[in-house]
Amino acid sequence: MDFALTDDQRAIQDAARAFADAELAPHSAEWDETKHFPVDVMRHAAEMGFCGIYTGEEHGGLALGRVEAAVIFEELSRGDVSTAAFISIHNMATWMIDRFGSDDLRGRYVPSLVTMEKIASYCLTEPGSGSDAAALRTTARLDGDHYVLNGSKAFISGAGTSDVYVVMARTGVDGPKGISTFVVDKDAPGLSFGAQEKKMGWNSQPTAIVSFDDCRIPAANLLGKEGDGFRYAMMGLDGGRLNIAACSLGGARLALEASLDYVNTRKQFGKPIADFQNTQFKLADMATQLDACRLMVMRGAWAMDTNHPEKTKWCAMAKRMATDICFQIADEALQLHGGYGYLKDYPLERIVRDLRVHRILEGTNEIMRVITAREMLRQ
């Protein structure tokens, strides 16, 4: 077993860290406070290839693996969890078009997505079907050379701002085999957006309902074949789960680093609180847990890159563990800061708020347990 990054991977890590330090971290608190969606900064990230990380080279992607993606997202999220998480979603949607779209569809969309000239959103969840994604009710009916979509999607990151929406809709029978995937432009007739949601965290990205009311799109905007859309969506989520787990790593790492600085300067009872054994035990546990989570994420990424037969299980396990434990690390870091951790002058309360949703999206952690057990029982 070799746990070392290659020279190329370390160079990618260094580049992502430098970008996060220069262009994300200095603005993270302001973006959270003002609910600013930093499109211009994300386009700078795209100039470095971070918006087409595992998209093919034909249309401008980097064609890197999931290990490199995990490294990048950990570093970016150390700068700003919310913005890094949106870049992950954009990557997932872009990869789906590049991986499953026709040559024409890929040529029309992928070049402008990898540069982030156009922004993409992923639309699976509905008001009535969250964890039970295969029960979605949004429909797509073929009408001549167009599909007509009706229904709605909930909790969509980028809704109202994104230019492109990768949408799962029902074209056939109930269940997963009746679901297809479509690419919908923002200006498609019949497409509309709800009011922006008021959220606990992830404030640097907009979130709203996406509605389809006899929304007409060209039939050529179907990804792959009818009935394969749910499979495409789940393949996208395997990687998306690793990305969001990596974003949890970055947030927890920042929380731990902030704690190390704080405990060495904060004094109680005449000495730095770093001198107390209780503090040292907490820091040791936080560091151990963070490292264990990173190893799980890297194994899942390696499994995807090598198409290992247990990749789905290992991705689910990594997502469940990393998002649960990293949230706990951030919460413990806040506790170490005492009352100061609860203030917005410090990053802890923002990290806690931003990491909390990672246990829900890309499949709740309860569903990660279902997936893990299902894969075990199949053996």
Side-chain angles (χ1 to χ4, degrees), residues 1-20 42 45-78 84-101 106 110-111 113-116 120 122 166 231-250 253 291-319 321-323 358 362-363 375:
M1 293 181 285
D2 185 357
F3 295 98
L5 297 178
T6 67
D7 290 344
D8 286 345
Q9 288 167 340
R10 282 196 296 270
I12 291 166
Q13 183 182 52
D14 290 344
R17 181 179 301 148
F19 179 85
M42 290 191 292
E47 292 172 3
M48 302 182 68
F50 295 156
C51 295
I53 296 169
Y54 37 84
T55 298
E57 293 177 313
E58 181 182 358
H59 295 298
L62 292 182
L64 295 175
R66 301 295 176 149
V67 169
E68 289 83 3
V71 168
I72 290 168
F73 283 116
E74 178 177 347
E75 295 302 331
L76 294 182
S77 61
R78 183 178 165 276
F86 185 83
I87 293 173
S88 164
I89 294 166
H90 177 88
N91 267 273
M92 180 167 62
T94 301
W95 173 82
M96 288 179 68
I97 297 172
D98 186 59
R99 175 67 175 80
F100 304 114
R106 292 169 61 238
V110 176
L113 291 173
V114 297
T115 62
M116 226 177 188
Y122 176 90
V166 176
R231 180 170 63 88
Y232 300 160
M234 294 303 104
M235 290 175 69
L237 282 177
D238 272 349
R241 287 163 182 159
L242 287 177
N243 291 349
I244 216 64
C247 288
S248 290
L249 295 176
R253 197 174 105 218
D291 207 34
C293 290
R294 184 179 294 109
L295 290 171
M296 288 283 287
V297 171
M298 287 302 182
R299 183 181 70 165
W302 169 84
M304 287 201 69
D305 286 341
T306 59
N307 198 29
H308 193 282
E310 294 193 272
K311 63 182 180 181
T312 294
K313 181 180 77 173
W314 288 349
C315 288
M317 292 168 68
K319 192 270 184 184
M321 181 173 176
T323 58
H358 293 189
E362 311 288 28
E375 294 295 318

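Just the heavy atoms: all of them, side chains too, but no hydrogens, waters or symmetry mates, feed the values below. Note that the structure is a prediction, hence the values are computed from the model and not measured.
- Looking at every heavy atom in both residues, S77 comes nearest to C247 through OG-O, 3.0 Å.
- You'll find the side chain of L237 reaches within 4.5 Å of the side chain of M92, heavy atoms only.
- For N243 (side chain) and I89 (main-chain N/O), no donor-acceptor pair under 3.5 Å exists by modelled atom type.
- Taking all atoms of both residues into account, the shortest heavy-atom contact from G300 to C315 is O-SG, 4.0 Å.
- The aromatic rings of W95 and Y54 stand perpendicular to each other, their planes meeting at an angle above 60°, with 30° marking the opposite boundary.
- Here the side chain of R10 pairs a donor or acceptor atom with the backbone of L5 at under 3.5 angstrom.
- E362 has no carboxylate O lying under 4.0 Å from a charged side-chain N of K319, or vice versa, which leaves the two without a salt bridge.
- A salt bridge does not link E375 to K311: none of the charged side-chain nitrogens sits closer than 4.0 Å to a carboxylate oxygen.
- Contact annotation: the side chain of L242 never approaches that of F73 to less than 4.5 Å [non-hydrogen atoms, C-beta and beyond].
- Atom CZ of R299 is separated from atom CE of M317 by 5.0 Å, given to the nearest 0.5 angstrom.
- For the atom pair CG of L113 and SG of C51, the computed distance is 9.5 Å after rounding to the nearest 0.5 Å.
- Two residues are said to be in side-chain contact when any heavy atoms from C-beta on lie closer than 4.5 Å; R253 and E75 meet this criterion.
- Rounded to the nearest 0.5 angstrom, F50 CZ and I87 CD1 are separated by 9.0 Å.
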Full working for side chain to side chain contact (heavy atoms under 4.5 Å, CB included) between T323 and R241 | CA-CA 10 Å; T323 58; R241 287 163 182 159; over 6 Å; no
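- Summarising the geometry of H358 relative to I244, their closest heavy-atom pair is ND1-O, 3.5 Å, with the distance given to 0.1 Å.
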Could you list the donor-acceptor pairs under 3.5 angstrom formed between side-chain atoms of residues 55-67 and any protein atom two or more places apart in sequence or on another chain?
residue, atom, partner, partner atom, Å
E58, OE1, R106, NH1, 3.4
E58, OE1, R106, NH2, 2.9

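- Going from atom OG1 of T94 over to atom CE of M116 covers 7.5 Å, rounded to the nearest 0.5 Å.
- Between atom CD1 of residue I12 and atom CG of residue D7 there is a gap of 11.0 Å, rounded to the nearest 0.5 Å.
- Rounding to the nearest 0.5 Å gives a distance of 5.5 Å between CZ of F86 and CE of M42.
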